[in-house]
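Shown next, in structure tokens, is the structure this report addresses.
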Protein chains: 2
Amino acid sequence: MEDIISNAIDKLKQKEYKLTSQRELVLRVLLENEDKHLSAEEVYHLVKEKAPDTGLATVYRTLELFNEFDFIHSIYFDDGRKRYELGSGLMKSHQHHHLICTKCGSIIEVNEDLLDELENRVSQQHEFKVINHQLKIFGICKNCS
Amino acid sequence: MEDIISNAIDKLKQKEYKLTSQRELVLRVLLENEDKHLSAEEVYHLVKEKAPDTGLATVYRTLELFNEFDFIHSIYFDDGRKRYELGSGLMKSHQHHHLICTKCGSIIEVNEDLLDELENRVSQQHEFKVINHQLKIFGICKNCS
DNA sequence: TTGGATGCAAAGCCTTTGCATACCT
DNA sequence: AGGTATGCAAAGGCTTTGCATCCAA
């Protein structure tokens with residue numbers, strides 16, 4: 001994990017962004033909760049545990065910054081707030097999908113990719129240059145059924 | 001279209017909801033703009049053209065009601081507001097996906113469904129009972145490339 | 001007639017912005 | 001030292017809620 005962090009720090013410095021303790025902490029929190037799809041507020045609370053003086057606005061600004069670097073990217077589930085996942089700027093980004101339980105709200109990640117064929121067909125039919133995709137599968141999870 | 005509307009009205013009345021002119025108008029606006037993924041505010045403006053006294057809160061409440069009846073369902077794209085599509089309570093709901101242009105923001109619907117195989121596999125591996133899915137494909141549309 | 005539906009305005013969330021201060025480089 | 005980053009508080013969007021009035025059944 002330290003590798004990933006120093007890599008990210010290098011990228012920030014290359015573009016003349018400063019390394020502050022808050023930025024590093026936000027990054028660590030995101031990495032330590034990789035699979036949790038944290039919201040800004042959740043990141044804020046986790047950061048506050050280690051650095052109580054941190055402001056919410058800083059967390060928002062940091063998340064936006066990281067988003068620009070593709071360290072993370074945001075996704076809306078159905079509670080109307082942005083949630084964040086690690087992105088291609090930090091590590092090899094694997095294609096993955098989300099299983100969302102409509103009872104308990106838990107989110108399971110699935111690392112499949114069977115969509116290439118569909119993407120190709122769609123590209124041709126609509127002259128649409130595919131960059132990325134996002135698949136959410138709704139249903140009932142193991143625990144809730 | 002009148003068939004669909006009277007069918008919907010019947011369903012409302014069966015559950016003792018009143019048919020108001022506002023509710024009917026919202027329904028018509030949704031049907032007339034089936035493929036546009038309107039937001040609440042957009043529905044509101046379209047309704048106001050025909051009934052200027054309508055309040056925004058009524059539109060929100062009506063959309064929530066229609067959502068409970070599965071006349072429509074909401075989906076978040078990336079502008080952070082709910083947008084609505086017709087749902088299974090109104091008509092045979094076809095599986096469809098969205099092509100979202102990251103330049104101009106236009107949304108194209110695609111009526112493919114190649115996801116059954118993936119759904120089956122995922123169901124088994126994770127003991128997850130699939131109800132529905134949502135696929136967004138991001139890229140550059142014909143006009144923007 | 002009467003309880004649900006409406007319109008208006010206020011309040012609630014989440015997120016962004018302004019500004020004075022703090023702190024990386 | 002200088003300018004970016006921060007924290008706080010205020011303001012901005014979108015959505016929901018409270019309340020008096022209205023209206024479909």
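Within every chain, numbering begins at 1; the chains are lettered A, B, ... in the order of the sequence lines, protein sequences first and strands thereafter.
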Short side-chain N/O contact from [X] to OP1 or OP2 of [N], under 4.0 Å:
X	N	result
Gln22(A)	dG7(D)	yes
Thr58(A)	dG7(D)	yes
Thr62(A)	dA5(D)	no
Thr20(B)	dT6(C)	yes
Lys18(A)	dG2(D)	no
Lys15(A)	dT4(D)	no

Distance check needed: [N] [atom2] versus [X] [atom1], whole Å only.
X	N	atom1	atom2	answer
Leu56(A)	dC14(C)	CG	C1'	9 Å
Leu63(A)	dT15(C)	CG	C1'	11 Å
Arg81(B)	dC14(D)	CZ	C1'	8 Å
Leu12(B)	dA24(D)	CG	C1'	13 Å
Lys13(B)	dG4(C)	NZ	P	17 Å
Glu41(A)	dG12(C)	CD	P	16 Å
Glu64(B)	dT6(C)	CD	P	12 Å
Phe77(A)	dC14(C)	CZ	P	16 Å

Position toward the 5' end of DNA chain D (nearest nucleotide), Ser21(A) or Leu19(B):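 In this pair, the answer is Ser21(A).
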
Would you call Glu34(B) and Arg28(B) a salt bridge, taking side-chain N to carboxylate O under 4.0 Å as the test?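 So Glu34(B) does not pair with Arg28(B) through a salt bridge.
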
Quick check: on DNA chain C, is the nucleotide nearest Arg23(B) upstream (toward 5') of the one nearest Ala57(B), or the reverse? Name the residue that is more 5'.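 Taking each residue's closest nucleotide, the earlier one in sequence belongs to Arg23(B).
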
Hey, which of Leu135(A), Leu118(A), Ile131(A), Leu115(A) is the one that makes side chain to side chain contact (heavy atoms under 4.5 Å, CB included) with Ile137(B)?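 Of the listed residues Leu135(A), Leu118(A), Ile131(A), Leu115(A), the side chain to side chain contact (heavy atoms under 4.5 Å, CB included) partner of Ile137(B) is Leu118(A).
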
Can you tell which of dT15(D), dT17(C), dA5(C) lies closest to the side chain of Arg61(A)?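 Between dT15(D), dT17(C), dA5(C), the one nearest the side chain of Arg61(A) would be dT17(C).
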
Any idea which of dC14(D), dA5(D), dT15(C) is nearest the Tyr60(B) side chain?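 In terms of side-chain proximity for Tyr60(B), the closest of dC14(D), dA5(D), dT15(C) is dC14(D).
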
Going by the angle between their ring planes, with limits at 30° and 60°, are His98(A) and His96(A) parallel, tilted or perpendicular?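 Geometry flag for His96(A) against His98(A): perpendicular rings.
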
Please determine which of Lys82(B), Glu85(B), Glu42(B) meets the side chain to side chain donor-acceptor pair (under 3.5 Å) test together with His37(B).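 For His37(B), the side chain to side chain donor-acceptor pair (under 3.5 Å) test succeeds with only one of Lys82(B), Glu85(B), Glu42(B), which is Glu85(B).
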
Assign Thr54(A) to base, sugar-phosphate, or nothing according to its heavy-atom contacts below 4.0 angstrom with the strands shown.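 The residue Thr54(A) makes sugar-phosphate contact but no base contact.
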
So, do His97(A) and His133(B) sit near enough that their side-chain heavy atoms are less than 4.5 Å apart?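 Answer no - side chains too far apart.
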
